[in-house]
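Worksheet: the structure to be examined is printed underneath.
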Amino acid sequence: MQVRLNVIVGAVSLLLGASAFAQEVVVKIGHVGPTSGQIAHLGKDNEMGARMAIDDLNAKGVTIGGHKAHFELLAEDDAGDPKQGTAAAQKLVDAKVNGVVGHLNSGTSIPASKIYSDAGIPQISPSATNPKFTRNGYKTTFRVVADDVHLGGTLGKYAVTDMHGKNIAVIDDRTAYGQGVADEFEKGVKASGGKVVGREFTNDKATDFTAILTSLKAKKPDVVFFGGMDAVAGPMLRQMKQLGIEAKFMGGDGICTGELPKLAAGTMGDGQVVCAEAGGVEGESKVAMDAFKVRFKDKYKADVQIYAPYVYDAVNVMAAAMVKAGSADPAKYLPVLAKTEGYKGVTGTISFDNKGDIKNGALTLYTYKGGNREQIAVVR
């Protein structure tokens, strides 16, 4: 009799366990970034931010619609290439992900956004700053950083009013990001009464800038702005030094990394480089950001490059919308995500406007001294 009772109890336990397991909701979050190629250090930084968010959500035991949620990360590499980016996007759509955080670059985020829009899958970019990203009318597209209109324009004004630039030269790498931020910088310079003495361009794989720098040297620039990434900016700074160009060097978030001094191989003078990162915290919010950076280093034995905290917040904003909607179904939680207001993240307060842009986005201005990045100011 006791044996039969034990068997029955065991069977009931198995059924209950199987029922509980069946009710667990698996939530697939896609992440895309350049984890190979010249800016792989930035792509890996972003991916680690996503993994940290996924681990934290699973550790908290989040419930969605009364069911325990298990979050999974589906990570793809786009190598910073638009064609590879769209292929990665289609792969995630085919895998029926519940949402996507990425891509890193504007040049990959913009073409991928149509694929996600057609599939009705929400996409939050932690770092794409080209204004066009949120100007295509897609209801699925969001970002958690300020765009190039704000970033480039602010840097252009700063070059004239604070750095007292008289002859300002502009170079870009012809990518959606590089050309976009350079265009906005040039507008900011002119709006502030500054003078642009030359505009040159290269590409995002170039290593030799002798011709364009020699051309600009003849115009005696006191400020050179580069729209592009740190992998190109580093060699450019080395060649400026070799050619005797002593101008200040400016750029957007693409160059504003911890790797830039290494890539410039010791040729950067203290205070020579001024750059801006889309995003920034001050006051009480800085405590949360500093704590995140400590946890990140403990977990990965690496310092945050730029956007890992923004990826972390993007994943959590997406999860919070699912919880509030009571569903991980994109069609059900997307309207809730669009109405995100006052979410307190490690990067500050996140609210979306009707285009999917972050409201009141911040910028942080930096320079470098002794090979280390130092904050100048947070501006909005």
Side-chain angles (χ1 to χ4, degrees), residues 29-30 32 89 92-93 97-154 176-177 180-181 183-184 187-188 252-253 276-281 285 307 309-363 378-380:
I29 303 293
V32 191
L92 291 178
V93 168
V97 293
N98 300 84
V100 175
V101 173
H103 303 203
L104 187 151
N105 309 73
S106 295
T108 52
S109 296
I110 293 169
S113 65
K114 184 180 189 305
I115 293 170
Y116 300 129
S117 175
D118 289 347
I121 296 173
Q123 172 197 13
I124 305 177
S125 176
S127 46
T129 54
N130 189 298
K132 293 177 184 176
F133 177 60
T134 54
R135 305 297 197 274
N136 290 318
Y138 302 146
K139 300 298 183 185
T140 51
T141 306
F142 304 87
R143 69 172 132 217
V144 291
V145 290
D147 69 16
D148 289 337
V149 173
H150 187 27
L151 191 147
T154 299
Y177 163 69
V181 74
D183 287 347
E184 295 303 331
K187 289 177 192 174
D253 43 353
E277 180 181 301
V281 293
S285 298
Y307 288 116
Y310 297 90
V311 179
Y312 181 86
D313 273 356
V315 173
N316 278 289
V317 163
M318 194 171 271
M322 293 174 184
V323 171
K324 192 170 182 180
S327 175
D329 179 348
K332 293 179 180 175
Y333 84 82
L334 176 59
V336 178
L337 179 63
K339 292 177 182 174
T340 296
E341 189 75 36
Y343 178 88
K344 300 292 184 185
V346 298
T347 63
T349 302
I350 297 170
S351 303
F352 294 127
D353 67 15
N354 59 8
K355 294 190 300 295
D357 280 325
I358 190 168
K359 293 180 184 177
N360 198 31
L363 297 177
V378 174
V379 295
R380 292 185 184 274

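Values below: every heavy atom of this structure, side chains too, minus hydrogens, waters and symmetry copies.
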Using atom types as modelled and distance alone, determine if a side-chain donor or acceptor of [X] lies under 3.5 Å from a backbone N or O of [Y].
{"X": "S127", "Y": "L104", "value": "yes"}
{"X": "D353", "Y": "G356", "value": "yes"}
{"X": "D313", "Y": "V346", "value": "yes"}
{"X": "S125", "Y": "H103", "value": "yes"}

**OP:** Could you walk me through whether R135 and D357 pass side chain to side chain contact (heavy atoms under 4.5 Å, CB included), step by step?
**Re:** CA-CA 10 Å; R135 305 297 197 274; D357 280 325; 3.0 Å; yes
Original post:
How many angstroms lie between CG in L337 and NZ in K139, if you round to the nearest 0.5 Å?
Top reply: 13.0 Å
Subject >> Rounded distance [0.5 Å steps], OG1 in T340 versus NZ in K359 >> reply: 10.0 Å
How far apart are the closest heavy atoms of [X] and [Y], and which atoms are they?
{"X": "A112", "Y": "A89", "answer": "CB-CB, 3.9 Å"}
{"X": "Y138", "Y": "S117", "answer": "CD2-OG, 3.4 Å"}
{"X": "Y310", "Y": "P126", "answer": "CB-O, 3.6 Å"}
{"X": "Y343", "Y": "N316", "answer": "OH-CB, 3.2 Å"}
{"X": "G120", "Y": "T140", "answer": "C-CG2, 3.9 Å"}
{"X": "V93", "Y": "A119", "answer": "CG1-CB, 3.6 Å"}

**OP:** Evaluate the criterion side chain to side chain contact (heavy atoms under 4.5 Å, CB included) for residue pair F133 and R143; output intermediate values, then yes/no.
**Re:** CA-CA 9 Å; F133 177 60; R143 69 172 132 217; 3.7 Å; yes
Any heavy-atom pair between the side chains of [Y] and [X] that's under 4.5 Å?
{"X": "D253", "Y": "L151", "result": "yes"}
{"X": "L363", "Y": "E277", "result": "no"}
{"X": "Y333", "Y": "D329", "result": "no"}
{"X": "V379", "Y": "T154", "result": "yes"}
{"X": "I124", "Y": "M318", "result": "yes"}
{"X": "I115", "Y": "D118", "result": "no"}
{"X": "I350", "Y": "I358", "result": "yes"}
{"X": "F142", "Y": "L334", "result": "yes"}

Subject >> K344 and T349: side chain donor to acceptor below 3.5 Å >> reply: yes
Original post:
Yes or no on salt bridge (charged side-chain N to carboxylate O under 4.0 Å, His left out) for K132 and D147, after CA distance, side-chain angles and deciding distance?
Top reply: CA-CA 9 Å; K132 293 177 184 176; D147 69 16; over 6 Å; no
**OP:** Would you please test L92 and Y116 for side chain to side chain contact (heavy atoms under 4.5 Å, CB included) and show each step?
**Re:** CA-CA 9 Å; L92 291 178; Y116 300 129; 3.9 Å; yes
Subject >> Residues, nucleotides or ligands: over 12 heavy atoms within 6.0 Å of K339 NZ >> reply: no
Subject >> Under the salt bridge (Lys or Arg N to Asp or Glu O under 4.0 Å) test, residues paired with K332 that sit two or more places apart >> reply: none
Subject >> With S106 via side chain to side chain contact (heavy atoms under 4.5 Å, CB included) - residues at least two apart >> reply: I110, A128, T129, N130, A176, Y177
